[in-house]
Amino acid sequence: MLFKTFFSRLALTLMLMVSLMASSIAQDASGGDGIPTDEATISAGQSLFEDNCTVCHAVHEVVVGPALKDVHERRPLDWIQSFIRNSQKVIQSGDEYAVKLYEEYNKTEMTSFDFSNEEINSILAYIKVESGKTPVAAAEEPAADGASATQAGASEGVSDFVMYALVINLVILVLILIVLAMIVRVLTKYLEQKSDLDVEDQEIISARFSLAALFKSKPMIAIMTILFVAVITKTVIDSLFHVGVQQGYAPVQPIAFSHEIHAGQYDIDCNYCHTGVEKSKNANIPSANICMNCHSAIKTDSDEIAKIYAAVENNQPIEWVRVHNLPDLAYFNHSQHVKVGGLECQQCHGEVETMEVVRQEAPLTMGWCIDCHRTTEVNSKGNAYYDKLVELHAEHSKEPMRVEDIGGLECSKCHY
């Protein structure tokens, strides 16, 4: 009986030790907080973060949403996973932290993501690594206000070094020219004293430099002609490449409408006014009726709002001036890019919510569109249409499927 009790306790002790060792190994692999630490997972998390999160978040600074530095220390891992999958569900459950966050950031709804726990953990692993790094902007800030920083000192040091090097090289070149001139002068005097020189050598020795003769010489005329033609050709080519490019175009509108107030301060969704952006080729210019949904009761005494009342009463459309223009030979579909592609408005139109007067931010050139098609990954998640294409692509490449891989560079996609 005594031996039986002894061996029973020994077995329990061994099981406990094995359990503790397994737990320790698991914690080492996940950093002790459930977040992975291996390079492959961190790299995968970086890709997911850059593809899905950077529109609204950064690690060290506030963008649309809060900065994510050390987010894994603020809330439990399962809470973060639930919030990323469906933030509104967590908020509506009455979670105090979620509600406070929602209120603090102007009740901006976070996009719901259909990520697995492993994918979310990989994103957190990347954020955790980035949290430990010093933000670039913060490191450079002290130098900007004169408090002197390493970055500023290094920059000034490099600049001074380059300047000193140029001055030294210039001095050396001048000294070499002086030495060469002295050598030529000495040799010329020596040769002039010799009486056995032929006529051609005498002409070379007695020749004097003439600036006018230099510019009249055929080689100099040929060089100047080539340079002139090259400058004119480049100017013409640059001008042709900019035909139809209206980057920075910001026309005066018939009503002083501020996107900074509506889309920025009051956080009105772009789709509320531009109703066709997810279901039509065109985003649609909002009608006066949409404006009246709010302004029938808000700022009714404003001179600019009075113009909307006049348009409604006279049954006349407001003649807004189009800002973003594409040539008739190019086909562009908003719904294809926004609804199917999942692009944010800011990717093409810039930070419109910060613009008092809307301007064309991107060049909207053919090259600009092609570059986007070459780098943008196809949003195939949850869309059975792409399943076969993804399968075929995976057979030939380990890279993610991009727009160019499904015909995004074919001429007929945009020109037909």
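Just so you know, these numbers use all the heavy atoms, side chains as well, and skip hydrogens, waters and symmetry mates. A quick note: this is a predicted structure, and the numbers were derived from the prediction, not measured. The residues of the chain are indexed from 1 along the displayed sequence.
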- Task: Compute the ring centroids of Tyr331 and His415, then answer whether they are less than 6.0 Å apart.
- Result: no
- Task: Using a cut-off of 6.0 Å, state whether more than 12 heavy atoms not belonging to Met220 lie near its atom CE.
- Result: yes
- Over 12 non-hydrogen atoms of neighbours within 6.0 angstrom of OH in Tyr266: no
- Message: Are more than 12 heavy atoms, taken from residues, nucleotides or ligands other than Lys381, located less than 6.0 Å from that residue's NZ atom?
- Response: yes
- Going by atom types alone, do Glu361 and Gln346 pair a side-chain donor with an acceptor below 3.5 Å? no
- Task: Kindly assign one of parallel, tilted or perpendicular to the pair Phe332 and His334, based on the angle between their ring planes and the thresholds 30° and 60°.
- Result: perpendicular
- Item | Pair Asn383, Ser380: side-chain N/O donor-acceptor within cut-off below 3.5 Å | no
- Do Ser335 and Asn333 get their side chains close enough for a donor-acceptor pair, meaning under 3.5 Å? yes
- Query: Can the ring centroids of Tyr309 and His295 be said to lie less than 6.0 angstrom from one another?
  - Reply: no
- Message: With no hydrogens and no angle check, just 3.5 Å: does a side-chain donor-acceptor pair link Asn325 and Tyr249?
- Response: no
- Task: Taking atom types as modelled, find out whether Glu356 and Ser258 have a side-chain donor-acceptor pair closer than 3.5 angstrom.
- Result: yes
- Message: Applying side-chain contact (heavy atoms from CB on, under 4.5 Å) to His324 and His349, what does each step give before you reach the verdict?
- Response: CA-CA 9 Å; His324 300 85; His349 298 292; 3.2 Å; yes
- Tell me, please, which residues at least two apart from Lys218 pass salt bridge (Lys or Arg N to Asp or Glu O under 4.0 Å). none
- Item | Heavy atoms from other residues, nucleotides or ligands near CG of Asp114 exceed 12 (cutoff 6.0 Å) | no
